[in-house]
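On a predicted model such as this, the values are computed, not experimentally measured, just so you know. Computed over heavy atoms, backbone and side chain alike; hydrogens, waters and symmetry mates excluded. Chain letters run A, B, ... following the sequence lines, proteins first and then strands; every chain starts at 1.
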Amino acid sequence: MRVSTSMMYDGLTEKLATNAADLATLQSQISTGRKYANASDAPGIVGHVQALESRLKTLEADTKAVSQVKVGVESQSRAMEVASGAIDRLKEIAFQGANDPQPQAVLDQLAEEVAGIKRSLLDLANTRDAAGRYVFGGARSGEPPYTINPDGTVVYSGATSPLRVRISDASYEDAAVPGTQVWKGIKRGTETVGMFDALSEFEQALRDGNLSGRSQALQDVGAIADNLGVSVAKTGSAQQRLDLIESQAQETSIRAQSALSDLKDLDIASAMAQLQKQELLMQASQSLLGRLSKLSLLQFIQ
Amino acid sequence: MVDLVGIGVSGLAAYQRALATTSNNIANLQTEGYVRQRAVLETAGQDNLSRISLGNGVRFAEIQRLYDRFAEENLQGATSALKSEQSLLTELQSLQDSIGSSEAGLHGAFQAFFDSARELESAPASPGTRAGFLGAAEGLSARFRGLGDAVKTLDGTTRAQIEQGVGEVNSLLDELAQLNSELLKRGNDSEQPMQLLDRRDAALKSLSEHLGITVQPSNSGAVAVYAGDSASGAALVEKGSARKLSVNFNAYDYGKVDFVLDAASAPITLSNVRTGTMGGLASFRSQALGPTADKLDELALSFGRAVNDIHRQGLDSLGRRGQDLFYMGPDFSVSATANAGTARLGVEVADHAAVKSNSYQMSFAADKNLWSLRNLKTGASYELQQDLVKQTWAVRDVGANKVIYEGTALQVEGLQLSLQGAAKNGDTFFITPESHPSESFRTLITDGAEVATAGRMTSKAALANDGTESADIALTSGRVAAYTPRALQDLLLRSTLPGEQSFINTVAARSDTEVAASSTPIAVISAGMRRVALNTSAVGGELAIFTRDGRQISGPKMADSVVTAANGFFAGATYSDTYLNQSGASGYLDQIFARGPYQAAGEQVDIDGKRVLTPAMIFSDAVDVGSLPAGGSLNLQINGHAVTLNLGSPVTVQGLASQINLNKATTGAVAEATADGKLVFKSYQSISVPAAAIGDTPKITINGMEFSVSASALASVNTTRAAASLPALTGKEYLRDMINGSGIGVTASIASPSGDLQLTNSDGNAGKPIDIGENSVGLEAKTYFNNAPLMIDVPPTAGTDALQKLGLRSGFAMSEPVAEDLLVFGVSSQGLPAKVYLSGTYEQGDPAAALAPDSRSYTLTFDAGRYTLTDAATSTVVSSGIFDTTTRAISYGNWTVSLSGIPSDMDTFTLAPNDDPLGDNRIAAALSRMQSSRNIMDSGQTVQEEYENLVNRVGAKAVQAEVAKNAQQVVYDHAKESRDRVAGVNLDEELADLLRFQQAYQANAQVVQVANRLFDSLLQRL
């Protein structure tokens, strides 16, 4: 077979250039610790890497949302805890007040105490969390949900729907709940009476010395305590769920990180071995070119 | 004796030339296109003696050019293929680096946007998160613009490369044409100077780098060159002439590249430029750059629209409705070339959801007086025609053979076109998008307070509620019913453009659509339609109208069982006839409905092209006086007022008209009898001048005529009257008489007991506008026009036969839009399915008008497992039914309320527009949920997946191109090797030849010397 001179040289120089380029790629990989520098160096995996990076960011956002919600739920839970204490005292007062006969002075004293507890429950119902949200205002979390009128009646102006925050792909938790679900109305037969209204009635019954009102209050306070008990349990389970979601997010995040690292990060040991091989190849090609130039017929006919 | 010297000299000469040939080969070692040459020697004849023959030496026969046509063409093909893949790969890599990079790509920006929406969701009231959200939105916008620019830059660089390539191709083609002319001077290629052939081959090889060619050589060595891989079509070069190549790009559609030959004289489009650098670049543009730009635009438009749709549903922190968050364009520009007419075209985007960023061509056909509009990308074509009388436009979809739009503004594919001036036949406009949506993507809102995080409606539970459940109200894009009948516009529209329209006041033009008897609705009146007037023909058949919640509004009472999901009612709807055939305060949502004809007042263009106000008019068919009981009575409702017509004996049309006119003050309508026994109903114009404002010397200009009462004129009239023993007139009475005697079409009368002066249309002038000019009676100087619509109905409990007797059609009419769909059934007067003949008119209104369901308040109550939803302002029960304990959701109009539990009896919720939007996060939540929404993109993927796919697709193309390039490299190397094997110069070989020829030369010299010595020795012996 005839081989033209330029074919020999062209082929060899081309191979030299390829070797040099491969060497440069390896060097840049080792110096950055990444498998690729530009997207075009790894066209097949760039899309996957971006998806994983987004997933990681989403998980970060999940964790952030969980902690945001936690702030609200913890405030709820603390407020309810304090309220439970106050309601225990109310129970004692109701029990005491239901006894008859009682001197009016004692009843008045009890009435004052009920009024005080009512006020502090109202304050609790207007609890604000660290993020500035009224946690019992529902979706209307920007303003105090409960206001007291000059005549002593209490009005709820919060929302009926909760301030619901997404904490993972598909699960939601309420950072602020509608106050009407916690400071619930009390059933008296078929009729429902607002909690604060019932307390006002209790206070009034004490002041009036009204016995049937006082014994009604004994039932009412029991119902209030039961309602609150349910809410406390609900909040507790919400806290558990939040913890679970948080640890789940962390675990998924670790797995995503390792998958991302597999795609992006360089295995330095094997890259170093590769580098040595490439250098050897380069040297071999170079020496080949040297030899080739000596192989001319000219060398012999001089 | 053989001439030894001669033989020696022949050898010397031959090897000298052979040496020259070898030297030439060595010298041209690196010359591009050079083909190795070889000296061919042959014996120089012989002397034939008696028994032996002796050679006469050697002769230099020729220099052979070691040319292998097959190898050469193979190499050209391989060069084209390799260059194509190389250029494709290089450009794909640049594109991949732009869209695939974490810093410049969209993926991360989308993520940042959604992350900030999440933060907004958990702290909607915080100014910090609001600002952060806007920052992320602007970041995303900037990323869109950056990518748009990157794509545009690639467009620019590849365009420049192709243009430069075209320039080089043209000079190569010229060179080849010149070489051809030289070559054609000799008949055979063996006689051709070899340099010419080498130059030809070099030019062909260079040409094949730019584009794939097929070469057809002639005997002379001149070549015909064709683009592509067969010698067909127009030749680039043939004999001594070359065609001029040029390239056309579309400024907007990057994927489109047209190579054209002889663009200036007889253009031929080359469809087969597939390989070579230009082929590679063209396929990069059509397969990667164009689709990428399209996908980016689709992402920009779909995502921007989806965000805007959600954001507009919300309320900002100050309670204002959310505005568009993003602007995506497209903006259009209009260009025209050498139009003969004076028509000018304006283009605006009317519907951002429907507009496409495509180019259009619009041209005028004078013979049919219509414009045709073609979408140059999709090929969709439309005919646009203006009704000069009504001043409305109709748009016909040519492909679907259907009129798709009628209205005063000309709208098509989301564009609003406005034409001014007169067009001449063939006038053409080009509508081109100015920039890609990805390039013009920007954030419109800069103030964090304007971020709409809150839902538009809220729910409030009554304090006395049992309290176990919460209600969450959300705007939805609308409930979906299991079945949607044909749209009213489809039922009424024809496949032809205007000319004839079924208007009530043009009886002759009425054309009925026959609709077969059906137990399902025959049509749906879409939310937002207004001025709907549907008429059935007298042959029988009536219309029953329902809301999708089962409220029957109009028509013969139907059975409860008609309310089923299969009939287009919402799931759970129940039948109600509370509002059946009621209108006004007792009607559905206090709206005005009628079962008879309806006509709105309008504007028309008179014969001089002037716009005039026209009163509403209803024309009856011939009145069937025979069917009306003489001396009896007929009950009607005109414009919502009950009217009893006492029929005379005999019954006459004139008598009917005067009975109707008795009520004109309350109904605002009059009737006139025509000579052919028909009735014409018209609006009645009445202007009241308060008695106190008139005084003794009133002055007023009516319909251009001035009436002035001066004290002296009044005195002189009263003197005359006193002489005739008539009572004296007051100034007011004198004014009345002057007006009534003037014949200006206005009747004046004095009301009793108020004493007010009433100015009304005189007989025969009903409904006409009255011009009031300068006056002393406190009236505003203007044209008074009764622009109230006319509506004729029958009392709620009566049948519609009274209308038929008066020659009027029954049907269904409504004036203001109801913001919900209405179902239309074709029924008999007993409410059973029946065939109907239908005609009608309607107008498209704004569905977000005052009656929009989300701007009203409602009360939702529960009792015994049923719910009742009442519109608070009108006390209309808009929906009621059994509460679905599984979905726990109740919807009306465009909102849905979901309850967290099952409500107790008597629980009440108030659903109302949101008045405290600051801490509400529902819209922010909807924005963050978009991250996983699969409804934004047509493909059913999330925006991030869609973008990922784009990156992967371009990546896969790059991988493919790399593989193809490597494969082509092998093919190319092989082709080059094959060619070089024959035509390439090997230095060693040439050196060996050099030695050989040198030795042969020396030996031949020796022969001459030997001959010389022989001759010398001979001489010495002698």
Side-chain angles (χ1 to χ4, degrees), chain A residues 1-7 11 38-40 43-51 53-54 57-58 60-61 64-65 68-69 131-134 137-143 155-156 159-166 169 175-178 180-181 184-185 187 191-194 197 296-298 301, chain B residues 29-30 93 96-97 100-102 105 107-108 111 115 118-119 121-123 125-126 458-461 463-468 470-473 909 916 918-922 925 928-929 931-932 944 948-949 951-952 954-956 958-959 976-977 980-982 984-989 991-992 995:
Chain A
M1 188 185 90
R2 283 189 76 252
V3 177
S4 74
T5 307
S6 57
M7 256 166 73
N38 291 319
S40 58
I45 61 162
V46 181
H48 195 187
V49 167
Q50 289 192 339
E53 280 172 347
S54 291
K57 289 257 173 64
T58 308
E60 249 171 64
K64 221 185 247 179
Q68 284 268 20
V69 176
R133 295 169 298 208
Y134 288 94
R140 257 177 89 124
S141 63
E143 277 176 48
V155 178
Y156 176 68
T160 323
S161 47
L163 182 72
R164 193 154 281 181
V165 174
R166 192 155 62 90
D169 280 351
V177 292
T180 45
Q181 282 181 38
K184 261 188 235 175
K187 282 221 149 161
E191 183 195 12
T192 312
V193 182
D197 292 341
S296 174
L297 196 56
L298 274 170
I301 55 177
Chain B
L29 181 71
Q30 293 292 356
Q93 282 174 338
Q96 174 83 359
D97 283 344
S101 120
S102 310
H107 212 282
Q111 187 62 36
D115 285 352
R118 293 279 298 269
E119 298 207 6
E121 181 183 352
S122 49
S126 149
T458 49
S459 62
K460 280 175 199 158
L463 261 189
N465 281 5
D466 192 13
T468 44
S470 67
D472 190 10
I473 188 161
F909 293 88
D916 176 32
L918 189 60
D920 184 352
N921 72 344
R922 285 174 293 163
S928 97
R929 268 201 307 275
Q931 184 168 21
S932 50
Q944 283 178 300
E948 225 170 278
N949 275 357
V951 173
N952 284 340
V954 173
V959 171
K976 190 156 176 3
E977 212 175 283
D980 278 5
R981 203 177 291 158
V982 183
V985 176
N986 182 313
L987 216 46
D988 286 350
E989 188 185 1
L991 281 173
L995 285 178

* Can you measure from CG (B/Asn986) to CE (A/Met7) and round to the nearest 0.5 angstrom? => 9.5 Å
* A/Thr5 side chain near B/Leu29 side chain, heavy-atom distance below 4.5 Å -> yes
* A/Gln68 portion near chain B, given a 4.5 angstrom heavy-atom threshold -> side chain
* To do: State, with a plain yes or no, whether a side-chain heavy atom of B/His107 is found less than 4.5 Å away from one of A/Glu53.
  => no
* **Backbone N/O of B/Gly100 and side chain of A/Gln50: donor-acceptor pair under 3.5 Å** => yes
* To do: Below 4.5 Å from any heavy atom of chain A, which atoms of B/Val954 appear? Answer side chain, backbone, both or neither.
  => neither
* To do: Output, in order, the C-alpha distance, side-chain angles, deciding distance and verdict of side chain to side chain donor-acceptor pair (under 3.5 Å) for A/Thr58 and B/Gln111.
  => CA-CA 8 Å; A/Thr58 308; B/Gln111 187 62 36; 2.9 Å; yes
* Distance from A/Asp169 atom CG to B/Gln931 atom CD, nearest 0.5 Å? -> 8.0 Å
* By a 4.5 Å heavy-atom criterion (distance strictly below it), what part of A/Ala175 contacts chain B: side chain, backbone, both, or neither? -> neither
* Got a second to check how far A/Ser6's OG is from B/Gln30's CD, nearest 0.5 Å? -> 6.0 Å
* Structure fact -> Scored by heavy-atom pairs under 4.5 Å with chain B, the best of A/Ala131, A/Ala51, A/Gly11 is A/Ala51
* Report the option among B/Val985, B/Leu987, B/Val951, B/Asn952 that has the most heavy-atom pairs separated by less than 4.5 Å from atoms of chain A. => B/Val985
* **Most contacts with chain B, counted as non-hydrogen pairs under 4.5 angstrom, among A/His48, A/Lys57, A/Glu60** => A/Lys57
* Mind ranking B/Gly955, B/Ser126, B/Ala956, B/Ala925 by heavy-atom pairs under 4.5 Å with chain A and telling me who comes out on top? => B/Gly955
* Asked: Hey, are the side chains of A/Lys64 and B/Glu119 touching, using non-hydrogen atoms and a 4.5 Å cut-off?
  -> yes
* Flag side-chain contact, heavy atom, 4.5 Å: A/Val165 against B/Ser122 -> yes
* OG on A/Ser54 to CG on B/Asp115, rounded to 0.5 Å -> 8.5 Å
* With distance as the sole test, does B/Asn921 use its side chain to make a donor-acceptor pair with the main-chain N or O of A/Arg164 at under 3.5 Å? -> yes
* Asked: Would you say the side chain of B/Ser928 lies within less than 4.5 Å of the side chain of A/Arg166, judging by non-hydrogen atoms?
  -> yes
* To do: Could you tell me which of B/Asn949, B/Asp97, B/Thr458, B/Asp920 has the largest number of non-hydrogen atom pairs under 4.5 Å with chain A?
  => B/Asp97
* Taking all non-hydrogen atoms of both residues, which atom of B/Glu948 and which atom of A/Gly47 are closest, and how far apart? -> CG-O, 3.4 Å
* Structure fact -> On a heavy-atom basis, the closest approach of B/Arg118 and A/Ala65 is NH2-CB, 3.7 Å
* Sort A/Arg133 into side chain, backbone, both or neither according to what part of it lies under 4.5 angstrom from a heavy atom of chain B. => side chain
* Asked: Which residue out of B/Gln93, B/Glu989, B/Glu121 racks up the most heavy-atom pairs below 4.5 Å with chain A?
  -> B/Glu121
* Structure fact -> Turns out that what part of B/Gln944 lies under 4.5 Å from chain A's heavy atoms comes down to side chain
